[in-house]
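What follows is a single structure, written as structure tokens, with notes after it.
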Amino acid sequence: MFILLVLNLPLVGLWARIALIPFPILGPMIILFSVIGAYSVRFLMFDVWVALIFGVLGYLMRKLGFPLAPMVLATVLAQMLETSLKQPLVLSDGSPLIFFTRPIVAVFMLLAVVMIAWGLWLQFSGWGAELAADDSD
């Protein structure tokens with residue numbers, strides 16, 4: 001960690017000047033280094049295709065107005081969620097009823113279902129857009 005600090009402090013000006021490179025030059029360089037990085041992990045073209053597909057997906061999400069933060073958050077938390085879901089299912093021999101055996105858990109599951117249904121209803125009924133417009137005033 002200390003080595004990175006020693007190397008980066010004198011080079012701060014150089015790193016800042018990278019922002020001055022025109023995008024028609026910088027964009028292809030970023031894609032090139034991303035492809036090289038994806039290939040160098042396991043030396044498989046599959047990894048390169050996955051990186052390119054997710055890059056296009058991210059670009060389309062940005063163009064269509066989808067927020068990228070929930071996608072990144074889901075990617076980070078997915079492994080922990082899967083592990084936490086698998087543990088009680090293994091204890092109950094695969095029965096999902098274990099999530100409703102305690103009253104407090106049943107209340108939280110019911111609240112989750114209600115909140116998801118409410119969000120979907122707001123989204124598809126058009127009220128969500130009206131509420132968002134009122135909040136921006």
Worksheet item: Going from CG on Leu68 to CE on Met71, what distance comes out if it is rounded to the nearest 0.5 angstrom?
Response: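 One gets 8.5 Å once the value is rounded to the nearest 0.5 Å.
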Item to complete: Enter the distance from Ser34:OG to Met29:CE here, rounded to the nearest 0.5 Å.
Response: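 Taking OG in Ser34 and CE in Met29, the distance rounds to 11.5 Å.
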Is [Y] reachable from [X] through a run of hydrophobic residues whose side-chain heavy atoms are each under 4.5 Å from the next?
X      : Y      : answer
Phe33  : Ile31  : no
Leu81  : Val90  : no
Ile21  : Leu14  : yes
Val105 : Leu110 : no
Phe100 : Val107 : yes

Item to complete: Check step by step if side chain to side chain contact (heavy atoms under 4.5 Å, CB included) holds for Leu89 and Phe99.
Response: CA-CA 9 Å; Leu89 287 175; Phe99 296 113; 3.9 Å; yes
Fill in: Side chain to side chain, Leu91 and Gln87, heavy atoms closer than 4.5 Å
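No, side chains not in contact.
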Can you list, pair by pair, the side-chain donor-acceptor contacts under 3.5 Å of residues 38-61, counting residues two or more places apart and other chains?
{"from": "Ser40", "atom 1": "OG", "to": "Ile36", "atom 2": "O", "distance (Å)": "3.2"}
{"from": "Ser40", "atom 1": "OG", "to": "Gly37", "atom 2": "O", "distance (Å)": "3.0"}
{"from": "Arg42", "atom 1": "NE", "to": "Asp47", "atom 2": "OD2", "distance (Å)": "3.1"}
{"from": "Arg42", "atom 1": "NH2", "to": "Asp47", "atom 2": "OD1", "distance (Å)": "2.7"}

Worksheet item: Around Ile3, counting heavy atoms of other residues, nucleotides and ligands shown, do more than 12 lie under 6.0 Å from its CD1?
Response: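 Not more than 12 within 6.0 Å, no.
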